[in-house]
Amino acid sequence: MNKLKHALITGIGALLPIFLTIYVVIRTFNVIDSWLQVFIEKIFGQQIIGLGFAVVLLGVVLIGLLTNTYFARKITTFVDWIFAKLPFVKQIYSTLKGLVSFSKPNEITFKQVVLVEFPNQGVKSMGFI
(Lines give C-alpha, C1' and ligand atoms only; values in the text may rest on other atoms or scores of the structure.)
Protein backbone atom coordinates (compact mmCIF):
# COMPACT_ATOMS: atom_id res chain seq x y z
CA MET A 1 0.00 0.00 0.00
CA ASN A 2 2.88 2.34 0.75
CA LYS A 3 4.28 1.82 -2.78
CA LEU A 4 0.89 2.65 -4.32
CA LYS A 5 0.63 5.80 -2.25
CA HIS A 6 4.16 6.80 -3.30
CA ALA A 7 3.37 6.06 -6.95
CA LEU A 8 0.18 8.13 -6.76
CA ILE A 9 1.99 11.12 -5.24
CA THR A 10 4.83 10.79 -7.78
CA GLY A 11 2.33 10.63 -10.64
CA ILE A 12 0.50 13.70 -9.40
CA GLY A 13 3.83 15.47 -8.98
CA ALA A 14 4.75 14.63 -12.58
CA LEU A 15 1.41 15.48 -14.18
CA LEU A 16 0.31 18.51 -12.18
CA PRO A 17 2.92 20.95 -13.57
CA ILE A 18 2.13 19.81 -17.12
CA PHE A 19 -1.63 20.24 -16.77
CA LEU A 20 -1.32 23.53 -14.89
CA THR A 21 1.01 24.90 -17.55
CA ILE A 22 -1.37 23.91 -20.33
CA TYR A 23 -4.29 25.41 -18.40
CA VAL A 24 -2.48 28.71 -17.76
CA VAL A 25 -1.39 29.01 -21.42
CA ILE A 26 -4.89 28.29 -22.77
CA ARG A 27 -6.54 30.57 -20.20
CA THR A 28 -4.10 33.40 -20.93
CA PHE A 29 -4.67 33.02 -24.68
CA ASN A 30 -8.46 33.08 -24.23
CA VAL A 31 -8.43 36.10 -21.92
CA ILE A 32 -6.13 38.13 -24.17
CA ASP A 33 -8.00 37.05 -27.31
CA SER A 34 -11.36 38.02 -25.81
CA TRP A 35 -10.26 41.61 -25.13
CA LEU A 36 -10.71 42.61 -28.78
CA GLN A 37 -13.35 40.12 -29.96
CA VAL A 38 -16.15 42.71 -29.63
CA PHE A 39 -14.34 45.02 -32.07
CA ILE A 40 -13.35 42.16 -34.37
CA GLU A 41 -16.96 41.00 -34.52
CA LYS A 42 -18.12 44.53 -35.39
CA ILE A 43 -15.50 44.88 -38.13
CA PHE A 44 -15.69 41.40 -39.70
CA GLY A 45 -19.22 40.39 -38.66
CA GLN A 46 -17.97 37.30 -36.85
CA GLN A 47 -15.48 36.24 -34.21
CA ILE A 48 -12.05 35.27 -35.47
CA ILE A 49 -10.32 33.18 -32.83
CA GLY A 50 -6.71 34.21 -32.33
CA LEU A 51 -6.93 37.60 -34.06
CA GLY A 52 -7.39 39.45 -30.78
CA PHE A 53 -4.36 37.66 -29.36
CA ALA A 54 -2.33 38.48 -32.49
CA VAL A 55 -3.29 42.17 -32.31
CA VAL A 56 -2.40 42.38 -28.60
CA LEU A 57 0.90 40.58 -29.26
CA LEU A 58 1.70 42.97 -32.12
CA GLY A 59 0.89 45.91 -29.84
CA VAL A 60 3.25 44.59 -27.17
CA VAL A 61 6.03 44.19 -29.77
CA LEU A 62 5.46 47.76 -31.02
CA ILE A 63 5.58 49.09 -27.45
CA GLY A 64 8.82 47.14 -26.98
CA LEU A 65 10.30 48.79 -30.06
CA LEU A 66 9.14 52.24 -28.99
CA THR A 67 10.59 51.93 -25.47
CA ASN A 68 14.07 52.17 -26.96
CA THR A 69 13.45 55.76 -28.08
CA TYR A 70 14.62 58.83 -26.16
CA PHE A 71 11.06 60.05 -25.61
CA ALA A 72 9.89 56.70 -24.20
CA ARG A 73 12.84 56.53 -21.80
CA LYS A 74 11.87 59.95 -20.46
CA ILE A 75 8.27 58.81 -19.96
CA THR A 76 9.46 55.62 -18.22
CA THR A 77 11.69 57.66 -15.90
CA PHE A 78 8.76 59.96 -15.09
CA VAL A 79 6.42 57.01 -14.39
CA ASP A 80 9.10 55.41 -12.17
CA TRP A 81 9.40 58.67 -10.23
CA ILE A 82 5.61 58.98 -9.76
CA PHE A 83 5.17 55.35 -8.66
CA ALA A 84 8.10 55.66 -6.25
CA LYS A 85 6.20 58.45 -4.45
CA LEU A 86 2.92 56.55 -3.97
CA PRO A 87 2.56 54.45 -0.82
CA PHE A 88 1.60 50.82 -1.42
CA VAL A 89 1.94 51.27 -5.20
CA LYS A 90 5.68 51.76 -4.69
CA GLN A 91 6.09 48.25 -3.23
CA ILE A 92 4.05 46.57 -5.95
CA TYR A 93 5.71 48.46 -8.81
CA SER A 94 9.28 48.00 -7.57
CA THR A 95 8.72 44.28 -6.96
CA LEU A 96 7.19 43.72 -10.39
CA LYS A 97 9.84 45.84 -12.09
CA GLY A 98 12.55 43.82 -10.36
CA LEU A 99 11.00 40.54 -11.45
CA VAL A 100 10.61 41.72 -15.03
CA SER A 101 14.19 42.99 -15.20
CA PHE A 102 15.22 39.57 -13.91
CA SER A 103 14.09 38.11 -17.23
CA LYS A 104 16.11 40.48 -19.43
CA PRO A 105 18.79 38.62 -21.38
CA ASN A 106 22.48 39.40 -20.80
CA GLU A 107 21.70 41.27 -17.59
CA ILE A 108 22.58 39.84 -14.20
CA THR A 109 20.08 41.23 -11.73
CA PHE A 110 20.03 38.65 -8.93
CA LYS A 111 22.90 36.51 -7.73
CA GLN A 112 21.08 34.36 -5.21
CA VAL A 113 17.61 33.34 -4.05
CA VAL A 114 17.11 33.30 -0.28
CA LEU A 115 14.40 32.59 2.27
CA VAL A 116 14.00 35.25 4.93
CA GLU A 117 11.78 35.41 7.97
CA PHE A 118 9.29 38.08 6.86
CA PRO A 119 6.75 39.64 7.54
CA ASN A 120 6.25 37.80 10.84
CA GLN A 121 8.29 35.43 12.91
CA GLY A 122 7.89 31.87 11.62
CA VAL A 123 6.76 33.06 8.17
CA LYS A 124 9.28 32.62 5.37
CA SER A 125 9.33 34.78 2.24
CA MET A 126 11.45 34.40 -0.86
CA GLY A 127 13.97 37.15 -1.61
CA PHE A 128 16.58 37.88 -4.23
CA ILE A 129 20.11 39.14 -3.61
Side-chain angles (χ1 to χ4, degrees):
M1 190 64 162
N2 217 7
K3 285 187 178 190
L4 284 176
K5 187 175 168 182
H6 179 62
L8 175 67
I9 292 171
T10 303
I12 290 171
L15 292 176
L16 193 60
I18 294 168
F19 288 126
L20 286 177
T21 301
I22 292 169
Y23 173 78
V24 167
V25 168
I26 290 171
R27 184 82 173 122
T28 302
F29 176 86
N30 288 334
V31 166
I32 292 172
D33 190 51
S34 70
W35 288 346
L36 297 175
Q37 282 303 321
V38 172
F39 300 109
I40 291 169
E41 197 168 346
K42 284 182 182 179
I43 293 169
F44 296 105
Q46 64 182 11
Q47 288 189 354
I48 302 173
I49 296 173
L51 185 57
F53 182 81
V55 169
V56 170
L57 188 62
L58 179 64
V60 170
V61 169
L62 289 174
I63 289 170
L65 291 172
L66 291 174
T67 57
N68 292 326
T69 65
Y70 173 78
F71 183 66
R73 283 193 300 268
K74 289 294 183 188
I75 291 173
T76 303
T77 303
F78 180 68
V79 169
D80 287 348
W81 179 78
I82 289 174
F83 282 1
K85 301 290 182 195
L86 298 172
F88 185 66
V89 173
K90 173 175 54 176
Q91 285 79 15
I92 296 169
Y93 184 70
S94 64
T95 301
L96 291 175
K97 189 162 180 157
L99 288 173
V100 169
S101 68
F102 176 67
S103 65
K104 289 183 181 175
N106 302 325
E107 185 177 308
I108 299 173
T109 308
F110 303 115
K111 294 179 182 177
Q112 187 177 359
V113 179
V114 294
L115 279 176
V116 292
E117 209 164 327
F118 178 81
N120 301 320
Q121 224 174 5
V123 177
K124 300 281 186 175
S125 295
M126 183 171 56
F128 301 99
I129 297 177

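Just so we're clear, the structure is a prediction, and the values are computed from it rather than from any experiment. Only this structure's heavy atoms are used, side chains among them; waters, hydrogens and symmetry mates stay out.
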Would you say [X] and [Y] are hydrophobically clustered, going by side-chain heavy atoms of ILVMFWY under 4.5 Å?
| X | Y | answer |
| --- | --- | --- |
| V60 | V79 | no |
| L86 | W81 | yes |
| I32 | I43 | yes |
| V25 | I22 | no |
| F83 | I92 | no |

_Looking at every heavy atom in both V55 and L36, which two are closest together, and how far apart are they?_
CG1-CD1, 3.4 Å
*Measure across D33 and G52 and return the closest heavy-atom pair with its distance rounded to 0.1 Å.*
OD1-N, 3.0 Å
Measure the [atom1]-[atom2] distance between [X] and [Y] for me, rounded to the nearest 0.5 Å.
| X | Y | atom1 | atom2 | result |
| --- | --- | --- | --- | --- |
| F19 | T21 | CZ | OG1 | 11.0 Å |
| L57 | L62 | CG | CG | 10.0 Å |
| D80 | I75 | CG | CD1 | 12.0 Å |

*Where do F29 and I26 land on the side chain to side chain contact (heavy atoms under 4.5 Å, CB included) test, with the steps shown first?*
CA-CA 5 Å; F29 176 86; I26 290 171; 5.7 Å; no
*After noting the C-alpha distance and the side-chain angles of Q37 and I40, does the key distance pass the side chain to side chain contact (heavy atoms under 4.5 Å, CB included) rule?*
CA-CA 5 Å; Q37 282 303 321; I40 291 169; 3.9 Å; yes
*Does Q91 reach the main-chain N or O of F88 with its side chain, forming a donor-acceptor pair under 3.5 Å?*
yes
*I would like to know whether F44 and L51 meet side chain to side chain contact (heavy atoms under 4.5 Å, CB included); could you show each step before the answer?*
CA-CA 11 Å; F44 296 105; L51 185 57; 3.7 Å; yes
*asked:* Determine whether L66 and F71 satisfy the following criterion, side chain to side chain contact (heavy atoms under 4.5 Å, CB included), listing intermediate values before the conclusion.
replied: CA-CA 9 Å; L66 291 174; F71 183 66; over 6 Å; no
*Is the number of heavy atoms from other residues, nucleotides or ligands within 6.0 Å of CD1 (I82) greater than 12?*
yes
